Structures are given as C-alpha cells and as structure tokens.
Amino acid sequence: MAVVILKDGSRREYPQPVTPLQVAEDLSKRLAKEAVVAKVNGALWDINRVMPAEAELELLDFDNPQARDVYRHSTSHLMAQAVQELYPDVRLAIGPAIEDGFYYDFDLKEPLTPEDMQKIQGRMEELVKEDLEIQRQVLSREEALDLFRKMGEDYKVELIEDLPEDAEISCYRQGDFLDLCAGPHVGSTGRIRVFKLLSVAGSYWRGDENQPMLQRIYGTSFAKKSQLEEHLALLEEAKKRDHRKLGRELDLFSVSEDGPGMPIYHPNGVIVWNELLKLWREEHARDRYMEIRTPQILNKRLWERSGHWDNYAENMYLTEVDETPFALKPMNCPGAMLWYLTAHRSYRDLPLRTAELGLVHRHERSGTLHGLMRVRAFTQDDAHIFMLPSQIEAEVAGVIDLVDRIYKVFGLEYRLELSTRPEKCMGTEEQWETATNALMRVLENKGIEYKINPGDGAFYGPKIDFHILDCLKRSWQCATIQLDFQLPERFELTYTGEDGQEHRPVTVHRVIYGAVDRFFGILIEHFAGAFPVWLAPVQVKILPIADRHHEYCKTVAARLEEAGIRVTADLRNEKIGYKIRQAQGEKVPYMLVVGDKEVEAGKAALRTRSQGDVGQVDIAQFQEQVLREIKTRQLN
RNA sequence: GCCGAUGUGGCUCAACGGUAGAGCAGCUGAUUUGUAAUCAGCAGGUUGUCGGUUCGAUUCCGACCGUCGGCUCCA
C-alpha cells in the first residue's frame, strides 16, 4: 500500500508504489503530458521512477526553473547520444544545463563543422521520434568504475574517482546510450520537443588550460516552438544592438589592428563620453569628492610596495626610464596613496573622498578582447575614500546612494552582491568580520536585497558589486565598492587622532561606471544606439527641402547652437526622403524639415526619430523643450 | 594564451591557379525636390603581413598579426 500526498494536501492511495507519472495520468492527461520532473518529499525525482511508499508529490512543468534545467540537461544527453552514434570514437566529458540552454563537451579528434551540427540535430530529432525511455540505474563505485573504464570513458572515470565517498552513483540509459549522471531526467526522449544547436567552441576539460581542449556544442531547448522563436529573436535583437556594429555605424569609436583592445574614440564618441563625465562630475561634486590625477607610469618599487608586483605583474606593461624599471599603471590606487602621503592628515580631515578618472592599462589575454567590453586600455571612474573606521557605514551608504542616483539617469536596474572573505587573503579575521558586518548593516539598514557570494571578496577586503540589467535583461558587473585594509598598511598611511596619536585610516576603492569605456558599450546596446537627447552626438538636424530654404535653415541652426544645442543642417542637394533616411539611420532624436510653408510661417516641421512627422512647431517653443529635456536628462 | 572559424577598396559582400567585381558611401554634373534611397559619370584595392609551392597565387601550403564564437556554470 502506497500513499501519495499532493501539493494541495489531497491524499491518494495505491495498492503498490507508483511513479509520479502514473499519479499524473490519474489526475489529468494534460498534466501527464506537461510534467517534466517531479519533486518527491522535497527532492527532484524522475517522473518514471517509483516513489517511496509514502510520498509528498509535486509535479513540475517547463515553466519551473528547476524543471527547465532538467529538461535542458536531458536535451544535452540526447545530443550526446546522437554524437556518440555518429562519431563512435568520441569520449564524453560533461553536459550541464546553463542559463539559456545547455552544452556538452566532447573529446573528438576531428573538428566539428556546421554540417556536423546539422547531422547531429537531425539524429536528435529521430531519437525524439523513437521516444526511448530514460531509465535511472544505481551502481556501486566499483561497478561504475569498471563500466566506464571498459567503455573507455576516461573523463567519466575521473569524475567518479572525484565523487565523495558517500555519494550515490547513478547512470541514465536511453536506448543504447548510457551516461554517468546524478539526474533527474525527463521520462523519455519523446518528451523533448523543441531544441536547436547553436554553436561549437573550444573549452578546456574542467575549465583548466593545462587540461585537454575539448569541443563544446551549445544548444537550447524549450517546451514550445514559440518559446524557441522568441529566444532566437532575442539573440537576433542582441546582434542588431552589438556595440561594435553600432559603434562603427554611428561613427563613435574604432579599434585599430595596431592597438588591439585600445579603443580610438571618434568625435561623436567623445561627445557622449564627455556628457557621461559631465554627469559624473556634477554628482561627485554634490557629494564633495575632490578630483585628482596621478601619473601614467610609476617606478617599479612603488608597485612592489603596493603589492601589485607580486599579485598582478603578468598583467602589467613595463618600461624603463633612465635605466630604472617603471610600469604603466593597471590601477589608480597607488597614485591615490601617494597623494594622501603629501600632507599630515588629522581626524578632522576625514573622510577624504578623492576621485580620479584614471586611464589604466592591463595586459588582458588576446583571446578575451571584445569591443569596448573587454579592453587593454580603459578609464576607470575611480575614487578612494580615506576614513576613520567609524565612518565606514556612512561612507559606504553614501556611495550606494551615488550609484543609485547615477544609474537611475540611464533607466538601468541593478542587483547587489556582497562578497566575503576568500581563503587566500590578507588582514586579520577580526578585521574581515568587522568590515563584512559593516557592509551588511548598510545594506540591511537601507532595506536593499542582496546576494552573498561567500569567499568571493578581493584578497584585501570584502566588497559590494552592482550588476546592471540592460533592457535585454543581460547582466553586467559595473560598480563596485571594496574595503581595503592592505594599502593603508603597506603605504603606512596615518592620521592624527583626537588623542594626539597616529592611527591608520580605512580605505574604500569604488567605481560607478566601472570602466567608462565598457559602460559606454553597455549604453550603446541598452539604447540600441538611439541615445537620449542629452547624450546624442547630434540632437537636432535641420533638413531644407530646396536651396531657397538654406538661409532660413542656417539662421535656425545658429539660433539653436547659440542656445547650446548640438545641431547640424543637411544642406546637400538631395531629396527630403533621402536626408530623412540618413538622419534616421544616424538616430538623430529631432529633425526639423523646412520648406516654403515653414519659411513663410517662421516655423519648422518637426519629425522625431521614434514618432515620425509630428507637424509644425514654433522654433522658440521647440528650443525650450529640447533644452529642458537636455537639462533634466530625460530618457527617450 | 588555447580550440575552431575568419581576414578582398571607408562599409556590406562577390569571384578566381593566369595579375579582382557589385551595391552603399565619396567626388563631378544634371535635377530644386514635402517625410526612410533622383539620375548619369568619375575615382578608389600591391585581395591582413611575411615566407613557400608553381611558368604564374589574391586563389594552394606554412608562420605571424588581427577579428569572430568560446574556454565559471563540475556526473
């Protein structure tokens, strides 16, 4: 006799133990069809696996995140099965579900081509039609080792060897395909409905570059075709917004072969850049930051003192000045320390908030460079706050508010993460605890939700990271607030306390945009190149219909320019449709079309990039409206 | 750095073992135009770099450089 208690509390009895699927079939056909996986007594459970005699049962469909992972994990098995059938000499590594899909890593002699992908996809579709049951099977460690050794699956053997003593070792079988797997899985291959293989890439076994290079196939799967189409449309949209493409089209920046990872900003790009800095300086002035500038290259002994030489040397560019080794700065902190040391500091001076828009150079690996997102030369919107230990909370709270004010201007949402003490770190346990608690208290007092990343702090202190969500819901780490006990120590920073004794200040490093370059890239994609008026390189474009309107257009342009609006007039000998098409392509927010009617009325026909023709406007009123939008940094 | 793909005029792309072609952009001229491409003409490339094979390479091979997709998500 078996008892099943359902989510709604109802109870069902069976003469003998049953599977979740059997229960589902009793309940409704639809449920049985859509259930991906079950939760039995709180743990994920295959829908075709017999439950204990007494079970609390919940059935999960694709909409449940855990079930979705199971579904995709099963798709990765399906892919592995297809690959193994098509390429019998393959050795399997791992194949987990990931955020938007799944992958599987294969050790295969021949590189996989796009045609191979098609073949694999095709074979997968056949396997789905065969609707093979997916069965779980538990083995002893010896059995498992023996089995996978015989199969020549070296990676699986290694995985088994690394499993903890008490782990239950399970395998899943579908047809002739068998894979080591904790599970759970969907009941049969026929339950996997919509999937698509997306790309092949290299990856190291266990992500370690000393290990063999494997071939990874990425794919994704969904319960419905429409969901896959939606996902593909999103990828398409992301491609259209690619900042590298828009950066070229809008003439914002470029990267030369002669300076990989070192962007060249074009005049249009510099306009946006300067507007970003203008906002930044305004907001920092409000919070009484003082701006400093420190040198591009500094003596090697400074980097030894700061600890960068020991921890960061392989990323640093070296040079020589009069036979003395110097290094190009990869961070701004040591320079800020040098500034602090230029005077005696009193407790009355603290906190000292020094900001620096510092251009730093870091030797990133060649394969990781990516437009403005991953570069070798970039400007950090850095700041170092020197303070009393008692000021930590207030200062951190101030930075959080500042970040919030600035991100709001762009309509960017964000999430917070707190990273705590890593295993390899400097400073005492007590210092860490005090600092970490201070950060937590700030977040809790503010009622901010945050995620904790245990052990993910910097070696010199705990930190709070801000993850921006752009309009496609992609996440980017930008702002960070890091407490640092190391640098004040290493540079022997002091202040004179109320007691007349010398004390050590606490330091916070923080950035808001992070790398201005990367933030710019994120904004390009976030706005799809259609910047809000205050950021737009050209805010108003005046388009005469014919030559006889040129004089009037020049007058209007001069007037708007005088008022501080970035305006150009397209006086080329072209038809109006052509000029409009071009201005739209440049994503200019406002176009003023001028023909006989407008000259006569002393007005202009306004066209916006988003709404098209909106009719005649009074120039003075239009000017006021644009100026207001610029001043308030209105979003589109 | 590693794996794979890739590199043709400013941009997007075509072609080929016998010394490259189109569209857009540019320039000149005509047209004076009413809300997303007017017409015609001209000009523009030592086919990423360096080597090799060949009578001959941009095309085949190799190295290098750059670019693109990846290299955390642990059965």
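Keep in mind that this is a model prediction, so the values were computed, not measured. Every chain is numbered from 1 and lettered A, B, ... according to where its sequence line falls, protein lines coming before strand lines.
Between A/Ser203 and B/G70 there is no side-chain N or O to OP1 or OP2 distance below 4.0 Å. Between A/Arg248 and the phosphate of B/U12, there is a side-chain N or O to OP1/OP2 separation shorter than 4.0 Å. The phosphate of B/U32 (OP1 or OP2) has no side-chain N or O of A/Tyr578 nearer than 4.0 angstrom. Look at A/Arg244 and you'll find a side-chain N or O under 4.0 angstrom from OP1 or OP2 of B/C68. Applying the 4.0 Å criterion to OP1 and OP2 of B/G69, one finds that A/His370 has a side-chain N or O inside that range. An OP1 or OP2 oxygen of B/A25 is reached within less than 4.0 angstrom by no side-chain nitrogen or oxygen of A/Arg581.
Nearest-nucleotide positions on RNA chain B place A/Gly577 closer to the 5' end than the other of A/Gly577 and A/Gly371. Sequence order on RNA chain B of the closest nucleotides to A/His363 and A/Gln584 puts A/His363 first from the 5' end.
Using a 4.0 Å cut-off between a side-chain N of Lys or Arg and a carboxylate O of Asp or Glu, A/Lys240 and A/Glu237 qualify as a salt bridge. A salt bridge does not link A/Arg609 to A/Glu586: none of the charged nitrogens lies less than 4.0 Å from a carboxylate oxygen. A/Arg91 has no carboxylate O lying under 4.0 Å from a charged side-chain N of A/Glu153, or vice versa, which leaves the two without a salt bridge. With respect to the salt-bridge test (charged N to carboxylate O, under 4.0 angstrom), the residues A/Lys463 and A/Asp465 qualify. Looking at A/Asp208 and A/Arg206, no side-chain N of the basic residue comes within less than 4.0 Å of a carboxylate O on the acidic one, giving no salt bridge.
Rounded to whole angstrom, the span from the CG atom of A/Leu543 across to the C1' atom of B/U32 amounts to 15 Å. Rounded to an integer number of Å, the gap from A/Tyr104 OH to B/C71 P is 18 Å. One atom, CG of A/Asp208, and another, C1' of B/G70, lie 16 Å apart when rounded to the nearest Å. Straight-line distance from the CD atom of A/Glu209 to the P atom of B/C2: 10 Å, rounded to whole Å. Distance A/Ile217 CD1 to B/G4 C1': 12 Å, rounded to the nearest Å. Remark: C1' of B/G4 and CZ of A/Phe106 are 16 Å apart, rounded to the nearest angstrom. The distance between atom CD1 of A/Ile576 and atom C1' of B/U38, rounded to the nearest whole Å, is 14 Å. We find that CG of A/Asp107 is positioned 13 Å from P of B/G4, with the value rounded to whole Å.
When only modelled atom types and interatomic distance are considered, A/Gln625 and A/Glu629 share a side-chain donor-acceptor pair under 3.5 Å.
If you take atom C1' in B/G1 and the same atom in B/U12, they sit 32 Å apart, rounded to whole Å. Between B/U46 and B/G9, the distance separating the two P atoms is 9 Å to the nearest Å. When the P atom is compared between B/A57 and B/G51, the two are found 13 Å apart, to the nearest whole Å. Here, B/G62 and B/C73 have their C1' atoms 38 Å apart, quoted to the whole Å. For the C1' atoms, the distance linking B/A63 with B/C13 amounts to 28 Å, nearest Å. A gap of 31 Å separates the P atoms of B/C55 and B/G45, to the nearest Å. Comparing the same atom, C1', in B/C2 and in B/U59 gives a spacing of 29 Å after rounding to whole Å. As rounded to the nearest Å, B/G34 and B/C68 have C1' atoms that lie 44 Å from one another.
Of the candidates B/U38, B/G1, B/U67, B/U38 carries the atom nearest the A/Lys575 side chain, counting heavy atoms from C-beta on. For A/Arg216, whose side chain is taken as the heavy atoms from C-beta onward, the closest listed nucleotide among B/C73, B/U32, B/A37 is B/C73. Side-chain proximity of A/Pro260 to B/G69, B/U35, B/G66: nearest is B/G66. In the set B/C65, B/C74, B/G34, B/G34 carries the atom at the smallest distance from any side-chain atom of A/Ala605. Checking B/U35, B/C74, B/C73 against the side-chain heavy atoms of A/Leu159 singles out B/C74 as nearest. With B/C71, B/G34, B/G66 as the candidates, the nucleotide lying closest to the side chain of A/Glu257 is B/G66. For A/Asp596, counting side-chain heavy atoms from C-beta on, the closest listed nucleotide (B/G34, B/C3, B/U32) is B/G34. When distances run from any side-chain atom of A/Pro111 to the nucleotides B/G26, B/C68, B/G4, the shortest one goes to B/G4. Closest contact between the side chain of A/Val593 and the listed nucleotides B/U35, B/G1, B/G7 involves B/U35. In this structure, of B/G26, B/U38, B/G69, it is B/U38 that holds the atom nearest to the side chain of A/Glu574.
At a threshold of 4.0 angstrom between heavy atoms, the contacts of A/Ile160 with the nucleic acid are absent. In this structure, A/Thr368 reaches the bases: a heavy-atom distance under 4.0 Å links it to at least one base atom across the strands shown. Backbone-only engagement by A/Ile94 is indicated by non-hydrogen atom pairs under 4.0 Å involving sugar-phosphate atoms exclusively. In this structure, A/Glu168 reaches the bases: a heavy-atom distance under 4.0 Å links it to at least one base atom across the strands shown. When heavy atoms are screened at a 4.0 angstrom cut-off, A/Gly207 is found touching the sugar-phosphate backbone but no base atom. Within 4.0 Å of A/Lys579, counting heavy atoms only, lies no atom of the nucleic acid at all.
Checked by distance alone, A/Tyr204 brings a side-chain donor or acceptor within 3.5 Å of a matching partner on the base of B/G1. Scanning atom types as modelled, one donor and one acceptor separated by under 3.5 angstrom connect the side chain of A/Glu598 and the base of B/G34.
Nucleotide B/U59 has no partner under the Watson-Crick or G-U criteria, as no pair reaches both atom distances under 3.5 Å. For B/C2, the paired base is B/G70 (Watson-Crick or G-U wobble, both distances below 3.5 Å). The nucleotide B/G9 finds no pairing partner, because no Watson-Crick or G-U wobble arrangement with both distances shorter than 3.5 Å includes it. Of the nucleotides present, none pairs with B/A15 by Watson-Crick or G-U wobble criteria with both distances under 3.5 Å. Judged by Watson-Crick or G-U wobble contacts below 3.5 Å, the nucleotide B/A20 has no partner. With a cut-off of 3.5 Å on both Watson-Crick or G-U wobble distances, the partner of B/A40 is given as B/U28.
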Between A/Tyr590 and A/Phe622, does the ring pair (Phe, Tyr, Trp, His ring centres under 6.0 Å) criterion hold? Intermediate values first, please. CA-CA 10 Å; A/Tyr590 295 116; A/Phe622 171 71; 5.4 Å; yes
Apply ring pair (Phe, Tyr, Trp, His ring centres under 6.0 Å) to residues A/Tyr414 and A/His467 and explain how you reach the verdict. CA-CA 5 Å; A/Tyr414 59 89; A/His467 294 258; over 10 Å; no
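You'll find the ring centres of A/His73 and A/Phe102 outside the 6.0 Å limit. A distance of 6.0 Å or more separates the ring centres of A/His266 and A/Phe253.
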